[in-house]
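Take a look at the structure below.
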Amino acid sequence: MEDNRIFDKDVILERFDGEKEFLAELVEIFINDAPAQFSEIQKAVDNRNGKDLEKSAHKLKGAIANFTEKAAFEAALKLEIIGKENRLDEVEEAYNTLVKEVEYLVNALKEFVK
């Protein structure tokens, strides 16, 4: 299985025109907002609401896209599609993958903006 967890520092810096301080501010916002976004996703899962799952996963995917196009983005996209297609029987594994991938991303971002 291909490992999509490549944290490319050069690509991220290029996205932010080398503005590491601005990047650090966005990382802080992302880290602070992520728990609320996960809460929205969990609520949609608990309520078996595909439309809300699609919306909340899409929102998190957009935030992730600022930093990476790799595994965390793909995990959020998968949850978004599951919600859109109302395939909630597949949600648990996809949610667990998203949690793991966002945790990896957050740790990599924290290390990078130190």
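All values reported here derive from a predicted model rather than from experimental measurement.
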Discussion item. Let me check something: do I64 and V99 share a hydrophobic cluster, defined by ILVMFWY side-chain heavy atoms less than 4.5 Å apart, either directly or through other members?
Written reply: yes

Discussion item. Would you compute the distance between atom CD of E40 and atom NZ of K55 and round it to the nearest 0.5 angstrom?
Written reply: 7.5 Å

Worksheet item: Looking at CG of L53 and CZ of R48, how far apart are the two atoms once the value is rounded to the nearest 0.5 Å?
Response: 10.0 Å

Fill in: Side-chain heavy atoms of L23 within contact of F112, under 4.5 Å
yes

Worksheet item: When you look at NZ of K9, are more than 12 heavy atoms from neighbouring residues, nucleotides or ligands closer to it than 6.0 Å?
Response: no

Practice prompt. Please check if Y104 and V11 belong to a single hydrophobic cluster, counting links between Ile, Leu, Val, Met, Phe, Trp and Tyr side chain heavy atoms closer than 4.5 Å.
Written response: no

Worksheet item: Do the side chains of L77 and L98 join up, straight or via other hydrophobic residues, at under 4.5 Å, putting them in one cluster?
Response: no

Item to complete: Answer whether the closest heavy-atom distance between the side chains of L26 and F30 falls below 4.5 Å.
Response: no

Worksheet item: Hey, are D46 and Q42 close enough side-chain-wise for a donor-acceptor pair under 3.5 Å?
Response: yes

Worksheet item: Which distance, rounded to the nearest 0.5 Å, do you find between the CD of E93 and the CD1 of I82?
Response: 8.5 Å

Practice prompt. Would you please name every residue forming a side chain to side chain donor-acceptor pair (under 3.5 Å) with E90, sequence neighbours left out?
Written response: R87

Fill in: Point-to-point distance, once rounded to the nearest 0.5 Å, from CG of L109 to CD of E28
12.5 Å

Practice prompt. Consider only side-chain heavy atoms of I, L, V, M, F, W and Y, link residues closer than 4.5 Å, and tell whether I81 and F73 are in one cluster.
Written response: no

Discussion item. Any heavy-atom pair between the side chains of L88 and V45 that's under 4.5 Å?
Written reply: no

Worksheet item: Who passes side chain to side chain donor-acceptor pair (under 3.5 Å) against D52, sequence neighbours left out?
Response: N49

Item to complete: Of all the heavy-atom pairs spanning A72 and L105, show the shortest one and how long it is.
Response: CB-CD2, 4.2 Å

Item to complete: Using the six-membered ring wherever Trp is involved, compare the ring planes of F38 and Y95 and label them parallel, tilted or perpendicular (cut-offs 30° and 60°).
Response: perpendicular

Worksheet entry | Same apolar cluster (I L V M F W Y, side chains within < 4.5 Å links), L13/F22 | yes

Item to complete: Could you tell me which non-hydrogen atom of A65 sits nearest to which non-hydrogen atom of R15, and how far apart they are?
Response: O-NH1, 3.3 Å

Worksheet item: Can you tell me how far CD of Q37 sits from CG of N32, rounded to the nearest 0.5 angstrom?
Response: 11.0 Å

Practice prompt. Kindly say whether K78 contributes a backbone atom to a donor-acceptor pair with the side chain of K61 at under 3.5 angstrom?
Written response: no

Worksheet, complete the sentence: Closest non-hydrogen contact found for A57 with A76 is CB-O, 3.7 Å

